[in-house]
Structures are given as C-alpha cells and as structure tokens.
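Reviewing the structure listed below.
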There are 2 protein chains.
Amino acid sequence: MKQSRNQKIEMFRTVCKEHAIKVTPQRLEIFLEVISANDHPSAEEIFRRVQKRLPTVSLDTVYRTLSTFDEQGLIAKVHFLDDKTRFDPNTQQHHHMSCIKCGSITDFVWPEIDAMSLPSEVEGWGKVSDRHVLVRGVCSRCADKIDRGDGKDADTSPNDS
Amino acid sequence: MKQSRNQKIEMFRTVCKEHAIKVTPQRLEIFLEVISANDHPSAEEIFRRVQKRLPTVSLDTVYRTLSTFDEQGLIAKVHFLDDKTRFDPNTQQHHHMSCIKCGSITDFVWPEIDAMSLPSEVEGWGKVSDRHVLVRGVCSRCADKIDRGDGKDADTSPNDS
DNA sequence: GTCGTTGCAAAAGTTTTGCACGTTA
DNA sequence: TAACGTGCAAAACTTTTGCAACGAC
C-alpha cells in the first residue's frame, strides 16, 4: 500500500483532473503532507509542515486548500475536544480515540458498531447518514508517565486547576 | 422531575456551597438557563438568553461562568461539527444526533453501546474513560422540508457548491 | 490569454485576559 | 473586610475575505 512520492504525485494529478481543480505546488505539498499525516493535524500544524518544503506558502492558502479538499471529499474536517478544526486523510468509515492528557488522536475500526442497528429513538429522529464513536481516555504512553511520576504533560486531575 | 424555579435556585445554592463557589445573580441566571436548555446552546446563545433577565450581564462573564461550571463538572463542553463550543447540562452518559441541515443536536441513549466491550485495538491503546457516539443525518423536520421542495435551509447536496 | 489560485493584509468571529470596581460570604 | 466575581476594553487566536498579481491549463 505504501507509495513512492512520485506515485503520490501522479495520484494527486489524477485526482485534481477528476475534480477539475488545478495542480499547484502549494496544493501538491499540502496534499502530500495531509495524506502522510496520521495525527489529524490542525491547519496551523499543516502550515508549519508545508513551510519546510515551501517557505513562501501562506497560512490562508493552507486554509483555502484544506477547505477545497474537504468540499471535494478528499479529506475530512473533524472536530474533537478543542475548538480547532483538524483534518483527517482517512475518508473510510472509522472511529477515533483521543488522549485527554496529550491530545493525540488515533483511528480505530469497530465493524460491530457500524453494523449494529440504531435505537428506535434514533430511527424515528430522521435519516441517518453516518455514525462515529469518540473514545476518550489516557493513552498508555501518558499512563506510563503518570505511573512513573514524571508528570511532564500529565496534569492528572483536570478538575483542580 | 420538574422543579419550580425556587427549587432550582435552592439546588444551585447547595451546589455552589459544595463546590465552594460564590452565588451571584449572573451565575444563577446562567445556571438556570443552561439546565433548562435542551438544544446545546453556544456561549453566545446563552448570553442572549440570560440578557433578557439580566440586561447588564457581559459576554465574558458568561464565558467565565460556563468554564467554571465545566471545571466543576456541572455541565459539559461539547464540540460537534462547527468550531463553536456548545454546552450540555446533561452530565449523564448519553449520545448525540446532529442534523446536517439545521444543525440541531438531540440527545439519545444507547445502553447496548455503553455495555459493549471495545475492540482489542482500543483496549491496547490505553485506559478508556468514556465513549460517545455522534450520529449524523437529516432530522425528519428537515427531510420533510426537502420533500416538499421548500428548500429554505435545505442545500441538499453539500458537495456541489 | 483566460480564469483559477496565491499572497498579503485586513477583517470577522470566538474566546481569553488585565485591571479597577463591586459583591458575596 | 478579605477574597472572589464582574464589567469593560483590549488582546489573542482561529478562520475568512477583498484584491491585485501570478501561474496553470
């Protein structure tokens, strides 16, 4: 499944043709960055990464490009705990787990849920187009940190600010 | 389960005492407004509603108060499709369905999901503290509008801008 | 060459903060 | 009265927009 950079570029050109949008260096780099990211970066974060290859790119181009990709269904905007929009290159049905300590977001699949029939309450509400599960908790990496007591970014009790 | 205003006020005073926060008219009105709301209002919306009873209240007080309530676990901040924070007075385990046409958000319960064991992928990821399902679709009210053809806020196809 | 895209700068919208004053316990 | 909470104004931060210049097709 792993593709070379050139293969990805070729793929992007094809996708752009299909969607009738122009191929620009900015779009290309943003696309490559987003599809290789597995950490659901924010626009700002993508901007920082793209800047390394394309120092002249501007933040608003990143915003515009990501919106374009989202409208075209190439990526998905997701909203989790913070107020920032994050971007997900995975447009297949999947779910997310989010660490309340480090904020990391990880994909997972749960076919049982996808197949399960919804409560009648929901069926009566309207026409459902998708279902998504967000699991929250503390990832093992953060849990280890807490156990070891080096609470670097481990503010164990969110309630005593 | 329905309480009179006076009962609610009494309840709020008790809650404040428990949490060692002071009772002020602003906090009281914000609290009453939030716990009677079932539409997951934003801070701005709560501000508008509170203003009717308390014309001198300021928006930042609403923000500060809602954050305080959230920290104390009296209400919950929730993030759905838009980038605004919304507030949920229901701190029990429950899930949400959201209409992609009108943006309304409605609670529902799904005990099977709550009881179901998570995929091993998730168990290995870390220590889970909660799970939440977001169901998206078109609520019957909006579906009716679309069928009738009076597409007031019914832009049926989000993908052909 | 045309039209879509970019960069800049400015604006808009949401949320946070500093500070002096007012209110609660 | 001491500490906490409020209102105002300004700032911070994310995201959007107008416009002239540029670049892809």
Side-chain angles (χ1 to χ4, degrees), chain A residues 9-10 12-31 33 40-48 50-51 53-72 74-75 77-87 103 160-161, chain B residues 9-10 12-31 33-34 40-48 50-51 53-72 74-75 77-87 103 161:
Chain A
I9 293 176
E10 214 33 65
F12 181 62
R13 309 191 83 88
T14 311
V15 166
C16 283
K17 200 159 281 176
E18 280 168 7
H19 291 263
I21 59 174
K22 291 183 180 170
V23 177
T24 68
Q26 291 87 340
R27 283 182 175 166
L28 176 61
E29 290 302 336
I30 292 167
F31 181 80
E33 204 56 68
H40 311 78
S42 65
E44 184 86 34
E45 183 56 36
I46 294 164
F47 171 62
R48 271 195 293 273
V50 168
Q51 245 186 343
R53 278 182 173 276
L54 220 68
T56 62
V57 76
S58 74
L59 177 57
D60 54 350
T61 296
V62 173
Y63 273 106
R64 276 191 274 225
T65 303
L66 292 170
S67 286
T68 303
F69 290 171
D70 174 51
E71 283 162 21
Q72 305 289 335
L74 302 178
I75 61 175
K77 289 187 178 177
V78 286
H79 294 270
F80 296 108
L81 313 111
D82 51 12
D83 47 359
K84 277 183 181 167
T85 306
R86 286 157 161 266
F87 296 87
D160 53 10
S161 80
Chain B
I9 293 176
E10 215 31 68
F12 181 63
R13 309 192 83 89
T14 311
V15 167
C16 283
K17 199 160 279 177
E18 280 169 7
H19 292 263
I21 59 174
K22 292 183 178 169
V23 176
T24 68
Q26 292 87 339
R27 283 180 173 167
L28 174 60
E29 291 301 338
I30 293 168
F31 181 79
E33 204 55 71
V34 175
H40 310 79
S42 65
E44 183 85 36
E45 183 56 38
I46 294 163
F47 171 61
R48 272 194 293 272
V50 170
Q51 245 185 344
R53 276 184 173 277
L54 221 67
T56 61
V57 76
S58 73
L59 177 57
D60 55 350
T61 296
V62 173
Y63 272 106
R64 276 191 272 226
T65 304
L66 291 170
S67 286
T68 303
F69 289 172
D70 174 52
E71 284 162 21
Q72 304 289 336
L74 303 179
I75 62 175
K77 288 188 180 178
V78 288
H79 294 270
F80 297 108
L81 310 113
D82 51 11
D83 47 0
K84 277 185 181 163
T85 306
R86 286 156 159 267
F87 295 87
S161 75

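What you are looking at is a predicted structure, and each value in this text was computed from that prediction instead of being measured. A, B, ... follow the sequence lines: proteins, then strands. Residue 1 opens every chain.
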Give the rounded distance in Å between these two atoms: CD of Glu44(A) and P of dA12(D).
15 Å
So, is Thr61(A) close to the dT6(C) phosphate, meaning a side-chain N or O under 4.0 Å from OP1 or OP2?
no
N or O in side chain of Thr56(B) less than 4.0 angstrom from dT6(D) OP1/OP2:
no
List the atom of Phe80(B), the atom of His79(A), and the distance in Å for their closest heavy-atom pair.
O-CB, 2.6 Å
Which sits closer to the 5' end of DNA chain D, Lys22(B) or Ser58(B), going by the nucleotide each is nearest to?
Lys22(B)
To the side chain of Asp60(A), which of dT16(D), dC8(D), dT6(D) is closest?
dT16(D)
dT15(C) OP1/OP2 closer than 4.0 Å to side-chain N/O of Thr85(B)
yes
Quickly work out the Leu59(A) CG to dG7(C) P distance and round it to whole Å.
11 Å
Would you please test Ile9(B) and Phe31(B) for side-chain contact (heavy atoms from CB on, under 4.5 Å) and show each step?
CA-CA 9 Å; Ile9(B) 293 176; Phe31(B) 181 79; over 6 Å; no
Which part of the nucleic acid, if any, lies within reach of Ser42(A) when heavy atoms closer than 4.0 Å are counted: base, sugar-phosphate only, or nothing?
nothing
Starting from C1' on dA25(C), measure out to CD on Glu18(B) and report it in whole angstrom.
17 Å
How many Å lie between CZ on Arg64(B) and P on dT15(C), as a whole number?
15 Å
Rounded distance (Å) that lies between atom C1' of dT15(C) and atom NZ of Lys77(B)
9 Å
Would you please say whether a donor-acceptor pair under 3.5 Å links the side chains of Thr65(B) and Thr68(B)?
no
Check whether any side-chain N or O of Tyr63(A) sits under 4.0 Å from OP1 or OP2 of dT16(D), and answer yes or no.
no
Below 4.5 Å, heavy atoms only, C-beta onward: do Val57(A) and Phe47(A) meet side chain to side chain?
yes
Verdict with supporting geometry, Thr14(B) and Glu18(B), side-chain contact (heavy atoms from CB on, under 4.5 Å):
CA-CA 6 Å; Thr14(B) 311; Glu18(B) 280 169 7; 4.0 Å; yes
Within this structure, what is the CG-to-C1' distance between Leu28(B) and dA25(C), rounded to whole angstrom?
16 Å
Starting at atom NZ of Lys84(A), determine the distance to atom P of dT14(D), rounded to an integer number of angstrom.
5 Å
Given dG5(D), is OP1 or OP2 found less than 4.0 Å from the side-chain N or O atoms of Thr24(B)?
no
More 5' along DNA chain C: Pro25(B) or Ser67(B), using each one's nearest nucleotide?
Ser67(B)
Leu54(B) CG to dG7(D) C1', straight-line distance once rounded to whole Å
12 Å
Check this one for me: any side-chain N or O of Gln26(A) less than 4.0 Å away from OP1 or OP2 of dG23(D)?
no
